[in-house]
Structures are given as C-alpha cells and as structure tokens.
Amino acid sequence: MNLSVAPVSAHILDGKAIAQQVQDQLAERVRQIQGRPPGLAVILVGENPASVAYVRGKEKASQRVGIVSFPHHLAATVSQSELADLIATLNQNSHVDGILLQLPLPAHLDEDLLLNLIDPDKDVDGLHPVNLGRLMRGEPGLRSCTPAGVMKLLTDLPLDLAGKNAVVVGRSKLVGKPLALLLLEQNCTVTIAHSRTQDLAELTRRADILVAAVGRINLITAPMVKPGAVVVDVGINRTTDSTGKNYLIGDVDFQGVQAVAGWLTPVPGGVGPLTVTYLLVNTFTSYAARTRLALV
C-alpha cells in the first residue's frame with residue numbers, strides 16, 4: 001500500500017461499526033457459555049456528569065453482550081479505606097471477572113494507590129503495574145482499552161503495519177505509552193512526541209501512522225500530516241458553539257486533515273466506541289482465564 005499519494009478525501013474509519021461487529025461476536029461467545037456469565041464491577045465515585053455518562057454507557061454495553069454488571073455508585077465523600085475495602089471484596093468475589101474504577105476520582109482519594117489494589121487479572125482497564133509490565137515484556141495480559149481499540153482499527157486496514165513510521169503525540173500511561181508498545185509489537189518504528197517536543201510538525205509529517213492523544217483542540221492540522229497517512233484522533237474535548245450548545249471535538253482539525261490523510265477517525269464515533277468494547281473484551285478474557293474457557 002503506497003502512503004505517498006494524497007487522496008481526494010480520507011476514508012473515514014467508522015469505529016462505531018467496528019465496535020458493533022466485535023460486540024456481536026462477543027455476545028455470541030457469551031451466549032454459548034454453560035454456567036455463570038462473565039461479571040463486571042463498575043465503581044463510580046461522585047456525580048461527575050461525564051463520568052456518570054461514561055459509566056451508564058459501559059453498563060448498557062455490558063447488558064447488550066450478556067455480561068452481568070455489578071454497579072457500585074458511591075458518594076463523593078467516600079473514604080480511601082472504604083474504597084480500598086470495596087476493591088478487596090470485589091477481588092475475592094468469584095462472580096466478578098473485571099473491576100473498573102471510573103476516573104477521575106475526587107481529590108482526597110489516591111488514584112494510583114487504589115488502582116494498584118485491583119487484582120491484576122481483574123484489571124480490565126489494563127492500568128495495573130503488573131499488566132503494564134506484561135505488555136512491556138510482550139507477555140499475555142489485559143491491555144489498556146483505548147490502545148487496544150486503536151490497534152483494532154489499524155490491524156483491520158488493508159495495510160502492512162510492519163516497518164511503518166508511527167508517531168504517537170501524547171505520553172500518558174493510559175494511552176500514549178501502552179499504544180507505543182503495541183505498535184512496536186506490530187514492528188512499527190515508533191516515536192512518542194509530547195509537550196516539549198521540538199518542531200512537532202516536522203516529526204508528524206514523516207508519520208505513516210499518526211495518533212493524537214493529548215486533549216488539545218486542533219493540535220494536528222493539515223500541514224502537519226503526511227499525504228495518505230493514517231490519522232487516529234484519540235482526543236476528546238468538550239466545547240461549545242456560538243449558540244451555547246455543547247459538543248465533542250478531537251485533537252485533529254478534521255475538515256483540514258480530511259483532505260490530506262488516507263484514513264481518518266472522527267470524534268465522536270471513532271476510537272470512543274472501541275474503548276468501551278475492549279473493556280468488555282477484557283472482561284471476557286479475564287472470565288475465560290478464570291474459568292479455563294478456551295479462547296478460540
């Protein structure tokens with residue numbers, strides 16, 4: 001596949017459609033189970049509107065594929081010890097295969113400490129140091145949901161990823177760092193860029209695969225993109241239009257980049273649906289390992 005020829009207009013990567021395909025396949029696997037279904041415990045602390053909406057979407061998605069949801073919606077005033085005790089209880093619950101602690105947490109709670117208390121084999125967000133270490137070592141383990149979703153988008157393309165130059169803009173432990181390792185597994189040549197990168201545009205223009213995961217509106221513009229490149233927009237930024245209506249926008253100037261890129265994800269409807277989907281996939285993977293169900 002030649003990435004050097006600029007298309008008239010980029011192919012839009014429909015993450016929602018791909019997520020639906022994966023969920024349909026997962027639902028069929030769950031229907032074939034004889035015995036208890038997989039279980040996902042979701043912990044929500046407080047009433048952050050975005051978090052409430054995300055959790056509601058995850059619980060509905062769980063129900064659609066046949067995964068039992070164990071919701072734990074706690075007051076914003078819950079103490080560190082109370083939350084730690086809940087996680088310990090869920091770790092021991094044989095009907096819970098996945099534990100999700102919805103972030104962000106109120107300021108009085110130690111996010112990292114609480115995440116580290118989750119049983120690594122139930123850590124469906126893939127954020128436990130054990131799972132990150134397994135990823136670094138190339139060992140089986142639960143992978144971070146958003147990077148896993150991005151890789152599903154990329155591996156479904158009619159494109160050999162081996163040897164391609166991949167630039168990931170963003171170095172978070174949630175997206176940037178694990179995604180870079182997953183791209184390395186596909187034999188890409190990977191560069192991580194960040195806020196202190198000098199001449200970012202010069203770097204991104206050499207990328208066959210460009211991933212924006214910073215959280216800054218219009219960070220990536222058309223002159224920064226190699227003609228024909230794959231551009232994946234992980235950014236989710238809430239903004240308002242002239243009428244005061246709220247809407248979501250990514251890190252990529254969609255209209256401008258669409259005229260240059262070969263493939264491009266929209267926001268919303270790109271990576272987001274796959275993030276939720278791979279939370280369910282991770283739950284099923286954990287269930288299969290715990291019940292010794294063959295993953296075929």
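Computed from heavy atoms alone, side chains included, the values below leave out hydrogens, waters and symmetry copies.
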Connected via hydrophobic side-chain network under 4.5 Å: [X] and [Y]:
X	Y	answer
L74	L40	yes
L154	I192	no
V276	V22	no
I249	L219	no
L142	L90	no

Among side-chain atoms of [X] and [Y], is any donor-acceptor pair under 3.5 angstrom?
X	Y	result
E59	S62	no
D251	N218	no
D241	T243	yes

Do D199 and R206 pass the salt bridge (charged side-chain N to carboxylate O under 4.0 Å, His left out) test, and can you show the C-alpha distance, the side-chain angles, and the key distance before you say yes or no?
CA-CA 12 Å; D199 200 352; R206 297 199 298 268; over 6 Å; no
Pairwise side-chain contact, [X] with [Y], heavy-atom cut-off 4.5 Å (strictly under):
X	Y	result
V65	R29	no
T275	Y54	no
N187	L161	no
L182	L135	yes
V211	V234	yes
V231	W263	no
T240	K245	no
V168	T191	no

Kindly determine whether V45 and L109 satisfy side-chain contact (heavy atoms from CB on, under 4.5 Å), including the steps that lead there.
CA-CA 10 Å; V45 179; L109 297 173; 4.1 Å; yes
For [X] against [Y], the heavy-atom pair lying closest together:
X	Y	result
L183	V190	CB-CG2, 3.7 Å
P37	V68	CG-CG2, 3.4 Å
F70	H95	CE1-O, 3.6 Å
D110	L113	OD1-N, 3.0 Å
M224	A201	CG-CB, 3.8 Å
A229	A261	O-CB, 3.5 Å

Okay, side chain of [X], backbone of [Y]: is any donor-acceptor separation there less than 3.5 Å?
X	Y	answer
H73	E47	no
K122	V96	yes
T291	Y287	yes
H128	N116	yes
D253	V257	no
N165	A207	no
R36	S94	yes
S144	P147	no
Q102	V42	no
T277	Q23	no

Could you tell me whether D24 and R31 make a salt bridge, using a distance below 4.0 angstrom between a side-chain N and a carboxylate O?
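Looking at R31 together with D24, the answer is no, because their closest N to O distance does not fall below 4.0 Å.
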Please evaluate residues Q80 and H108 with respect to the criterion side-chain contact (heavy atoms from CB on, under 4.5 Å), reporting the C-alpha separation (whole Å), side-chain torsions for both, the decisive distance (0.1 Å), and the verdict.
CA-CA 8 Å; Q80 181 89 6; H108 70 281; over 6 Å; no
CD (Q32) with more than 12 external heavy atoms under 6.0 Å:
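For Q32, atom CD is crowded (more than 12 foreign heavy atoms under 6.0 Å).
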Flag if over 12 foreign heavy atoms under 6.0 Å of CD, E139
yes
Nearest 0.5 Å, please: how far is [atom2] in [Y] from [atom1] in [X]?
X	Y	atom1	atom2	value
L174	C145	CG	SG	8.5 Å
R143	L127	CZ	CG	13.0 Å
R56	L44	CZ	CG	9.5 Å
D119	L117	CG	CG	11.0 Å
I67	L26	CD1	CG	5.5 Å
L100	I118	CG	CD1	7.5 Å

Between L153 and V230, does a side-chain contact (heavy atoms from CB on, under 4.5 Å) hold up when you go through it step by step?
CA-CA 10 Å; L153 284 171; V230 182; over 6 Å; no
After noting the C-alpha distance and the side-chain angles of L101 and D125, does the key distance pass the side-chain contact (heavy atoms from CB on, under 4.5 Å) rule?
CA-CA 8 Å; L101 179 60; D125 249 346; over 6 Å; no
Walk me through whether R290 and D97 qualify under salt bridge (charged side-chain N to carboxylate O under 4.0 Å, His left out).
CA-CA 8 Å; R290 287 162 50 75; D97 304 290; 2.9 Å; yes
